Protein chains: 2
Amino acid sequence: MKKISTPYHHGNLRQALLEIAVKLIRERGADALTIREVARRAGVTHTAPYRHFKDKASLLAAVAREGFEMMVKETKDQFSRTTQDALARLKVCGIAYIEFAIHNPARYRVMFGTGRPHGKNSALRKASEASFGLLLECIKECQKEGTVRPGEPMEMALAAWSIVHGFSMLFIDNQIREKGLFAADRESMMDVVVDHLYAGFKPN
Amino acid sequence: MKKISTPYHHGNLRQALLEIAVKLIRERGADALTIREVARRAGVTHTAPYRHFKDKASLLAAVAREGFEMMVKETKDQFSRTTQDALARLKVCGIAYIEFAIHNPARYRVMFGTGRPHGKNSALRKASEASFGLLLECIKECQKEGTVRPGEPMEMALAAWSIVHGFSMLFIDNQIREKGLFAADRESMMDVVVDHLYAGFKPN
DNA sequence: AAGACAATGTTTCCACTGTAAACTTCTTAC
DNA sequence: GTAAGAAGTTTACAGTGGAAACATTGTCTT
């Protein structure tokens, strides 16, 4: 039996590194992240992190994975507070997604910004698939319910994901505020964008 | 009178650097780009690029700016080949955008991936605004034409931009193929996604 | 309780990076 | 033709990612 909670030398360094990494990215941007600085703040040597992460990319992948897991969890939490129909849940999906991105911009960028595809890193891939799965299920349920028009659910999920992802990216990259779109507050902007999409999903 | 076309020592090094940078990003990914390697391939010392770009970020910003300009130009070219209504042009906007992203994934990622907002770099900002402006104008024209329902054009442009941007990002990050969505070919996927959005724009 | 063993952290090392400063060499305007 | 400024070079430095060999500590077996 391995006691996970018991500290070895440092005391759950892996988790500490992840938290420090996120904080650092938040403070100085994603590419300013440095393994050495993370180690420094954790109070360990600059090579200690390599016991827990193969390399820098691997550390970032772990941050990303955690992000997907958080996102799924938060969405599900919102679900449980939404006792309504599937359409309501579908909207929750969109809103929760965007809210996550806005509240965790640094992490969000890591989740998608790396450029290099998740490829082999199956843990990361699984986490991201879980997130997509949530959306897909919602759409299927809506179709059963009759609140979303028939059609290949995959394609509709793709469209839905595209819009919330796109909006999130633009928002956190400041492209929106820069273009003088801050007339409306954030929440109503979100609603507008999401509604435009769902308008295209309506039956009839 | 300054003769721009005449080579000094190297011969239009600035442009050469830009081209090499893009090629490098294409080959090895955006963060593998190194000023020294760019210089090496250009056959100059590793500090020569600093005569043309303040720093690495500045070089990347120039690559991004060029990208926006290319995108606008290509869209306009497509416009001139589209003698039809404004709605047709609006669709061209979406398709051309996605096509650009797909054909220039490396550059596209630089255009949006940096994380750091364009902020002060006004040349980059202007180029990106031109691209957004094209979309905005299309929507306004469609509204005049009656092929897009009334409503704040800014908001609709935002929605439209979100979806094409989101789709592009997901596509070039391989998130789509990874999720087993390659059933449809690229072109029909594009059409489907764009159509879902425009369905929400329809009058009535 | 006593080692053996694997997990964790450290030291030392290396090739490489971004960029500043002071320099040389070329181009062009006068 | 010469002075000035632009373009490219040399040299230097601190910081980085990561490999390798070493030291330490907790855990497992007996």
Side-chain angles (χ1 to χ4, degrees), chain A residues 1-25 27-64 110 113-116 120-121, chain B residues 1-25 27-64 110 113-116 120-121:
Chain A
M1 223 358 170
K2 195 196 283 179
K3 283 209 281 179
I4 304 166
S5 58
T6 315
Y8 288 66
H9 302 89
H10 168 277
N12 216 359
L13 179 60
R14 188 192 150 91
Q15 194 55 37
L17 292 174
L18 283 174
E19 281 161 25
I20 292 166
V22 172
K23 204 180 300 177
L24 244 165
I25 294 169
E27 287 171 13
R28 306 198 200 164
D31 21 73
L33 179 127
T34 215
I35 289 233
R36 285 171 116 107
E37 177 66 17
V38 173
R40 233 170 270 138
R41 297 204 185 186
V44 294
T45 337
H46 73 280
T47 50
Y50 288 93
R51 294 291 142 189
H52 300 272
F53 304 98
K54 190 177 139 282
D55 54 12
K56 195 181 169 181
S58 177
L59 169 61
L60 285 173
V63 170
V110 173
T114 84
R116 289 280 146 261
K120 209 49 177 296
N121 191 327
Chain B
M1 232 341 180
K2 195 195 285 180
K3 281 208 280 177
I4 302 167
S5 58
T6 315
Y8 288 66
H9 301 91
H10 169 278
N12 216 0
L13 178 59
R14 188 193 150 91
Q15 194 54 36
L17 291 174
L18 282 174
E19 280 161 25
I20 291 167
V22 173
K23 204 181 298 177
L24 243 165
I25 294 170
E27 285 172 14
R28 306 198 201 164
D31 18 77
L33 178 128
T34 215
I35 289 234
R36 284 170 115 108
E37 178 65 21
V38 173
R40 235 169 267 139
R41 296 203 184 185
V44 294
T45 335
H46 69 280
T47 50
Y50 287 92
R51 294 291 142 189
H52 300 272
F53 303 98
K54 189 178 139 281
D55 54 15
K56 195 180 167 183
S58 178
L59 169 60
L60 284 173
V63 170
V110 174
T114 83
R116 290 281 147 261
K120 211 48 177 295
N121 191 326

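No experiment lies behind these values; they were computed from the predicted model shown. Computed over heavy atoms, backbone and side chain alike; hydrogens, waters and symmetry mates excluded. Each chain gets a letter, A, B and so on, in the order its sequence line appears, and its residues count up from 1.
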Exercise. Of all residues at least two apart in sequence or in a different chain, which pass the salt bridge (Lys or Arg N to Asp or Glu O under 4.0 Å) check with B:Arg40?
Worked result: B:Glu37

Exercise. Between C:dG9, D:dG18, C:dT19, which nucleotide has the shortest distance from any of its atoms to the side chain of A:Arg51?
Worked result: C:dG9

For this session: Mind checking the OG1-CZ spacing from A:Thr34 to A:Arg41? Nearest 0.5 Å is all I need.
Result: 11.0 Å

Problem set entry | Length of the CG-P vector between B:Leu13 and D:dA7, whole Å | 10 Å

Exercise. So, do B:Leu60 and B:Ile25 sit near enough that their side-chain heavy atoms are less than 4.5 Å apart?
Worked result: yes

For this session: Grab the CZ-C1' distance between B:Phe53 and C:dG18 for me, whole Å please.
Result: 16 Å

For this session: Measure from CG on B:Leu17 to P on D:dA7 and round the result to the nearest Å.
Result: 12 Å

Exercise. Nearest-Å distance, CD1 (A:Ile35) to C1' (D:dA19)?
Worked result: 13 Å

Exercise. Looking only at side-chain N and O atoms, does A:His52 come under 4.0 Å of OP1 or OP2 in C:dA7?
Worked result: no

Problem set entry | Side chain proximity check, B:Leu24 to B:Val38, heavy atoms < 4.5 angstrom | yes

For this session: Could you tell me the separation between the OH atom of B:Tyr50 and the P atom of C:dA20, rounded to a whole number of Å?
Result: 7 Å

For this session: With rounding to the nearest 0.5 Å, note down the distance linking CG in A:Leu59 to CZ in A:Arg14.
Result: 9.0 Å

Problem set entry | Candidates D:dG18, C:dG18, C:dG9 - which lies nearest the side chain of B:Lys56 | C:dG18

Exercise. Of all of residues 38-47 of chain B, which get a heavy atom below 4.0 angstrom from DNA chain C, listed by number?
Worked result: B:Arg40, B:His46, B:Thr47

For this session: Report yes if the side chains of A:Ile35 and A:Thr47 come closer than 4.5 Å at any heavy-atom pair, otherwise no.
Result: no

Problem set entry | Distance in angstrom units between A:Arg14 CZ and C:dA7 C1', rounded | 14 Å

Exercise. Below 3.5 Å, does any donor atom in the side chain of A:Arg36 face an acceptor in the base of D:dG15, or the other way round?
Worked result: no

For this session: Give the rounded distance in Å between these two atoms: CD of A:Glu37 and C1' of D:dT16.
Result: 12 Å

For this session: Mind checking the CG-CZ spacing from A:Leu17 to A:Arg51? Nearest 0.5 Å is all I need.
Result: 13.0 Å

Problem set entry | Interatomic distance, B:Leu60 CG vs C:dG18 C1' [rounded to whole Å] | 13 Å

